[in-house]
Amino acid sequence: MSDVRSENRARFGVPANSMVFARGVRKTYGSLEVLKGVDFDVPEGSVACIIGPSGSGKSTFLRCINHLEKLSGGILLVDSQFVGYDLQGDRLYEVKDDLLCQRRAEIGMLFQSFNLFSHMTVMENLIEAPTQVRRIPVDQARAEAEVLLRRVGLADKVDRYPRELSGGQQQRVAIARAMAMKPKVLLFDEPTSALDPELVGEVLQVMRDLAESGMTMVVVTHEIGFAREIGDQLVFMDGGVIVERGAPREMIANPQSPRTREFLSRVL
Amino acid sequence: MGVAHPTEIGVEPGVAAAVSRLTVVPQRRYGIWVGTAFALLLAFLIIRAFASNPAFAWGTAAGYLFHPSIMRGLGNTLVLTVIIMLLAIVVGTVIAIMRVSPSPVLRAFAGVYVWFFRGVPALIQLIFWFNLSLLVREISLTLPFLGTLFSVRTNDFMTPFFSAVVALSLCEAGYMAEIIRAGIKSVPSGQAEAASALGMPYRMILKRITLPQAMRFVLPPTGNEAINLLKMTSLVTFIAVDDLFYTAQSIYARTFETIPLLIVVAFWYLAVVSILSVGQHFLERHFGRSDTRREPLTMRALRNAISLRGVAR
């Protein structure tokens, strides 16, 4: 395993501390080109925030990271490894489903609409993947789940069904569910966009705690304040390309590209 | 909570008094009264016709209610219904999964299956399978080097009962496939997406995430299908399977007590349908449990009554 990583590092120039490494990522649906060559780096333990107008390709790019979408071109490595492929010589072989699932299990993902399993209680949601995919004993999974639920402040909701919870609580459960797989990186796809304004704060607080504990995070968001405060880098995407990137504070205070300036003036 | 009482929100005393003097006059619904009178009259006439006409021969019907042949027929009808329904659910689930599969060939195969088995009347399918021997004389499995492993004459195994099971379960599976497919489609795609993101493979997602959630949508129409199927099994009379209807028929062919025996048959079908409806209700409640509040309905009604008492006019 590790020599695959060092091989990839040497061959593609992946930095030693890289968690997400993208070069020339393209994605097309028929004749529609959604991503037109995206280069992107997320060092381990850092937080990258992606902003941009809707239709800019930011969600599609996020879904490429855990191979929910297949790339049409370019390379994308997580922890210096391909997610959906095995590299042999100059050929990328698509991996079998069970191997893809194993690798995907190490990449957590959060959705705008939470997507908690609605026929399961909070506890069942948390232990489903650890017990079914990783084959961890139920008792151990439950114990770990309880720790995670305490961490997101929902220890008293273990036996509740998702629809008995507020949106903010559901998203916190979803974060705990993703954390239960002990992922190397967490992907957030507009995690607070479906929430009532007064519930946004509790979810951002949990994300802030995660960032401070050293979790690597890629966050597609409209919360500029969160990006400025927590993000290590800020990326502005438009029309399927990265228009501008930089340190959040400088970029928000003094955007270089006119498109970035225009977008920020509309959302701030 | 309901509406706050005027005094609780500090309205001036004069206004509060004016508000509390108001009374609500219900809307007059004359049409409903006329309709009710008409329905009662109709019910009276029907009951009188049933009670006074000696041709109904209620006493004879009661005498046949637990007749051993009728009991055997009822037993066969129930066995047929259960076997056919179980097979239809299994086959229907397989066809439904094929219909939502990524492979266009599997999707087309399932589509043609549903098109054919739903399109051809059940009675024709039934008689077709019963006469399979006209098409295929014997069924055998012959392998190179090993020779013939087995060979059976079609007539030896295509008994009336077996043809009934094959024909009606294939036919019913066409309907079940559509119901289950609709159930699978009704589960939001985000559920499967979240499961993939957690590293669950396709089969596991179907088994643990999609199908259990589809159950909630699948159950009510499946209950209806079971009830329809129970009645549809009376078609097997045509190929001489001794179900409830067939045994009744063979009795009244001898005794000419046609109406009393039809009453017996109708009574038993109604009785079983009623039991199935109750069972369906409990199944739906079981699978809908993530949907309903945990508080029992009676508790909620009680609490509402208490909290409303203060504001009743």
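These numbers were taken from a predicted model, which means no experiment stands behind them. Within every chain, numbering begins at 1; the chains are lettered A, B, ... in the order of the sequence lines, protein sequences first and strands thereafter. No hydrogens, no waters, no symmetry mates; every other heavy atom, side chains included, goes into these values.
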Please classify the contact between A/Arg177 and chain B as side chain, backbone, both or neither, with a heavy-atom cut-off of under 4.5 Å. both

For B/Met204, is it the side chain, the backbone, both or neither that has a heavy atom under 4.5 Å from a heavy atom of chain A? side chain

Flag yes if more than 12 heavy atoms outside A/Arg142 fall under 6.0 Å of its CZ atom; otherwise flag no. no

Checking A/Phe117 against chain B: side chain, backbone, both or neither under 4.5 Å from a heavy atom? both

Criterion side-chain contact (heavy atoms from CB on, under 4.5 Å) on A/Met109 and B/Leu198, from CA distance to verdict: CA-CA 8 Å; A/Met109 186 162 194; B/Leu198 284 166; over 6 Å; no

When you measure from the side chain of A/His119 to the backbone N and O of B/Arg216, does any donor-acceptor pair fall under 3.5 Å? no

Around atom OH of B/Tyr202, are there more than 12 heavy atoms from other residues, nucleotides or ligands closer than 6.0 Å? yes

Measure A/Glu128 against the heavy atoms of chain B and call it side chain, backbone, both or neither at under 4.5 Å. side chain

Please check: side-chain N/O of A/Gln132 versus main-chain N/O of B/Met200, any donor-acceptor pairing under 3.5 Å? no

Checking A/Leu116 against chain B: side chain, backbone, both or neither under 4.5 Å from a heavy atom? backbone

Contact class of A/Ile107 relative to chain B, heavy atoms under 4.5 angstrom: backbone

Side chain, backbone, both or neither: which part of A/Asp98 has a non-hydrogen atom closer than 4.5 Å to chain B? neither

Any B/Arg203 side-chain heavy atom under 4.5 Å of A/Asp97 side chain: no

If we define contacts as heavy-atom pairs under 4.5 Å, which of B/Ala195, B/Pro188, B/Pro212, B/Ser196 has the most with chain A? B/Ser196

Could you tell me the separation between the CD1 atom of B/Ile205 and the SG atom of A/Cys101, rounded to the nearest 0.5 Å? 7.0 Å

Tell me whether A/Asn115 contacts the main-chain N or O of B/Ala194 through its side chain, where contact means a donor paired with an acceptor under 3.5 Å. no

